[in-house]
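Chain A is the first sequence line, chain B the second, and so forth, proteins listed ahead of strands; every chain is numbered from 1.
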Number of protein chains: 2
Amino acid sequence: MSAATKPASEVDERPRSAGRPRVGILSRRLIGETALRLLDEDRDTGFRMSDLARALGVRVSSLYNHVENKAAVFAEIREILAERIDGEATPDPRWDRALRTWAHAYRAAFAAHPATVAYLSTLPLDANSTVGTAYDHLASQLQDAGWSAAESMSVIVAVESFVLGSALDASAPPDMLDPGQRTDVPRFSGAYHARRELAAAEGVTPADLAFALGLDALLEGLRLRLGAHATPSR
Amino acid sequence: MSAATKPASEVDERPRSAGRPRVGILSRRLIGETALRLLDEDRDTGFRMSDLARALGVRVSSLYNHVENKAAVFAEIREILAERIDGEATPDPRWDRALRTWAHAYRAAFAAHPATVAYLSTLPLDANSTVGTAYDHLASQLQDAGWSAAESMSVIVAVESFVLGSALDASAPPDMLDPGQRTDVPRFSGAYHARRELAAAEGVTPADLAFALGLDALLEGLRLRLGAHATPSR
DNA sequence: ACCTGAACACCGTTCAAGT
DNA sequence: ACCTGAACACCGTTCAAGT
C-alpha cells in the first residue's frame, strides 16, 4: 500500500471527540482501499467492520456515512481491482493477445483476494462501472476480428469464468488436493506430486502451471474456431 | 428431494421432550442433504443453522452432536455433490469425452448451489473423499492417452477451474452484466443483447452458451496440444 | 455533512440437565 | 449417545446527540 492512501488517523493517535471534523476523514474509496489491505494481510478470516474502523482510526458507525453496508465495501473493492486491471492491461491489436493480457492481469488481481471472487461474480455491475468499459474494449476487438456480437460476449464470459475459477484455485491452500497417504488413488497421487515437482523446478506454483496450460489451450481453441467459420468484417 | 431422505420429524408435529430418543433422528448425511435442499429452495440468502434445525424438526443445539460447525455442513454438502457427479458421469474410453461429461455433470451439480462454489475450492479434501477417486479415474485416462503425469494434473485442474468459474457465472443473477441505459459502451451493449437473444432463441441461458463455447475451445486446444508433442504410452 | 457512543438484532456455538 | 433449553459471544447495523 502506498503512503498516499494511508489514513492520516493512523499516525495521529489522539482520540477524537464526537461531531463533524473540519476535514473529512473517510471516503468510500479510502474504505475500499483499506478493506483490500486488510484482506491482503489476513487471507482467510476476512475483515470485520470493526477491523476496518480500527484501521481507519474511526468508530464503526462512522463507516455507515459512506457505505450502505458490508456488501457495498466489497462492491467498492471490485471497482478498485477492476481499475487496477484496466491500468495494467496494455492494449494489443491482436484479439487473442489482448485476451491473454487481460486474463493474466485479471487473475493476478483476484488471486490475492479470494474472498472477493465469489462476491465479484454475483454482484450486479454498477452503472458506469469500469468493468463495463473493459468489456467494451474487448468486445470491439473481438467483433472487429470477425466474431459475431453474441459470440464475442460468450468468449469474454468464458475467459472470465476460467480466470475466476483459476483465481479460486490459486488462492486455495497449496495442499488442498493432497492425496496424503491414500494408496487407492495411485495415478492421481502420481499426477499430484509430478505437477508439484515440475512447478518447483520452474519456480512457479502448481496453480500457475494449470492456469498457463488452460489459458493456452482455451485461446488456441478459440483461434481455431474463428478460423473455421468466421466472417471477418473486412 | 426424494421421500426417502425426508426426515420423519417433518410429518410428526408433536414437540419432543429432552433426552435421547429411542431411534436416532439426525445424521451428518441427513443434515447435509437438508442443507442442500434449503440452498435449492432459497438461492441467495443461504441457510441458517436455525433454518436447518427447523427443517429437521429439531433444536439448533442438536445439530452440534453431528457436525462440528457450519463449515462442516458445507464439507458434507461437497461430499454429496461429488458423489452425485461421480454417479452421473458415465465412463467414456476417450479422454476428451470423459472430461467433457465430467465437466457437464460438475457444473450442473454446482450451478444450483452458488454458495458452495467458493467453499468447495478452498476446503481441503477429506481423506477418502470421493473427489479423489474421480481425479484418479481421469488422471488414469489422461496418462494412458499420452499426457505426462504432471500435465494430467494440470489438465484436470484447468478444466475444473473453468467449470467452477462457469458455475459461478451460471448462478449469478441473469442481469448481472446488463449495461442498462449506458451509451458509452455500444459494442459491449450490443454483444450483451445479442447473446441474450441467441440464448432465448435456442432455449438455453446465456451462461450455457458461454460454457459450451468455452468448454469446446478448451478441449479442442487440449487435443491439439496432445497431438503436437505427446509421447503416447504405446 | 459527518463523527461518537450506546443500543439492538441476529446468529453461530456451548453446555448443563435430562433420558 | 443424543436431544432440549438457556445462555453467551460476536458482529453488522441503527440512531440520537454533538459540532
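A residue-by-residue look at A:F47 and A:S62 shows that A:F47 has its nearest nucleotide of DNA chain D further toward the 5' end.
A stem is defined here as three or more consecutive Watson-Crick or G-U pairs, each with both distances under 3.5 Å; for DNA chain C these stems are C:4-8 with D:12-16, C:12-16 with D:4-8.
The backbone N or O of A:D178 lies less than 3.5 Å from no partner atom in the side chain of A:D175, so there is not a single donor-acceptor pair.
Legend: residues meeting side chain to side chain contact (heavy atoms under 4.5 Å, CB included) with A:A35, ordered by chain and number and at least two apart, are A:F47, A:L52, A:V73, A:I77. Residues satisfying the side chain to side chain contact (heavy atoms under 4.5 Å, CB included) test with A:E83, not counting sequence neighbours, are A:R29, A:E79, A:T130. Partners of A:Y106 under the side chain to side chain donor-acceptor pair (under 3.5 Å) rule, at least two apart in sequence or in another chain, are A:E160.
Distance CG/A:L30 to OG/A:S27: 4.5 Å, rounded to 0.5 Å.
Regarding A:Y64, its OH atom lies at a distance of 13 Å from the P atom of D:dC15, rounded to whole Å. Residue B:L30 contributes atom CG, which lies 14 Å from atom P of D:dC2 at whole-angstrom precision. If you measure from atom CG of B:N69 to atom P of C:dT14, you get 8 Å, rounded to the nearest angstrom. Taking atom CG on A:L56 and atom P on C:dC2, their separation rounds to 15 Å, with Å as the unit.
Contact annotation: B:H66 does not reach the phosphate of D:dA1 (side-chain N/O to OP1 or OP2, under 4.0 Å). In terms of phosphate contacts, B:N65 brings a side-chain nitrogen or oxygen within less than 4.0 Å of OP1 or OP2 of D:dC3.
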* To do: Could you give me the CA-CA distance, side-chain angles and deciding distance for B:F188 and A:I156, then say whether side chain to side chain contact (heavy atoms under 4.5 Å, CB included) is met?
  => CA-CA 10 Å; B:F188 165 41; A:I156 292 173; over 6 Å; no

* Steps toward ring-ring contact (aromatic ring centres under 6.0 Å, His included) verdict (A:F211, A:H104) -> CA-CA 9 Å; A:F211 177 66; A:H104 271 105; 5.2 Å; yes

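Annotation: side-chain hydrogen bond (donor to acceptor under 3.5 Å, both in side chains) contacts involving residues 187-200 of chain B, sequence neighbours excluded, comprise A:Q143-B:R187, A:D144-B:R187.
Residues B:S62 and B:N65 bring no donor and acceptor atom of their side chains to less than 3.5 Å of each other.
Of the candidate nucleotides C:dC3, C:dT14, C:dT4, C:dT4 has the atom lying nearest to any side-chain atom of A:R59.
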* To do: Summarise protein proximity over nucleotides 6-11 of chain D in one line of letters, 5' to 3': B for base, S for sugar-phosphate only, - for none, counting protein heavy atoms closer than 4.0 Å.
  => -----S

